[in-house]
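Whatever order the structure lists them in is the order used to number ligands and atoms, beginning at 1. All values below were derived from every heavy atom in this structure, side-chain atoms included, with hydrogens, water molecules and symmetry-related copies excluded.
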Amino acid sequence: MNINIKSLLCGEKREIEFSYTIPLDYSENGYTVSGDAQVDGSVKDMGGYMQLASECKAQYKTQCARCLKALDGVCSVSFVRTVATKLESEDDEEYLLVGEGSVINIDEAISEELLLSLPFRSLCREDCKGLCPKCGCNKNETECSCVTKELDPRWAALKAFKAKDGE
Ligand SMILES: [Zn+2]
Ligand SMILES: [Zn+2]
């Protein structure tokens, strides 16, 4: 969505507030961000420069990293950008460029910030037991009798040593 800051640029106003929703739909790293995200913020005349501050809340779907159970979550971000009428260098990400018609657009910045805010992985609960690597059952719900305990190689060596010792 375009935010018109003309009244700020010509000195008519010192602050412009905005609030809108944007539909999001993208997947990344096992997360699907979808639905309408709420965006709120303001652009302020800081005396010599303009600053945009924004907050955004979006819903995501993912699955438990251990048992693959479907999970829903909400991620929220807040960020600040300096608004500039021209950029010093092309790849200055901290700056937002004012486009034609005195508008700025932060939709791309929102998507980027949301992606960065997603957790590295999610668990359905802290102590999720996950799936049995042998039979595939969900160990939170079923107790299978598979023997999956892998011996630590260091312990295996010690065990061998002890066995020899006991000869
Ligand atoms: Zn789980
Ligand atoms: Zn099993």
**OP:** Can you measure from CE (M1) to CD1 (I110) and round to the nearest 0.5 angstrom?
**Re:** 10.0 Å
Original post:
With side chains defined as the heavy atoms from C-beta onward, is the minimum distance between D72 and Q59 less than 4.5 Å?
Top reply: no
**OP:** Provide the tally of protein N/O/S atoms nearer than 2.8 Å to the Zn ion (ligand 1).
**Re:** 4
**OP:** Determine whether more than 12 heavy atoms belonging to other residues, nucleotides or ligands lie under 6.0 Å from atom CD of Q63.
**Re:** yes
Original post:
Does the side chain of S19 come under 3.5 Å of the side chain of Q38 through a donor N or O and an acceptor N or O?
Top reply: yes
Original post:
How long is the gap from CZ on F18 to CD1 on I5, to the nearest 0.5 Å?
Top reply: 10.5 Å
**OP:** Find out if a path of hydrophobic residues (ILVMFWY) with successive side-chain heavy-atom gaps under 4.5 Å connects L71 to L115.
**Re:** no
Original post:
Just wondering, do D107 and Y20 contact through their side chains at under 4.5 Å, heavy atoms?
Top reply: yes
Original post:
SG (C146) to the Zn ion (ligand 2) to SG (C135): angle, nearest 10 degrees?
Top reply: 110°
Subject >> Metal site the Zn ion (ligand 2): N/O/S of C144 inside 2.8 Å >> reply: yes
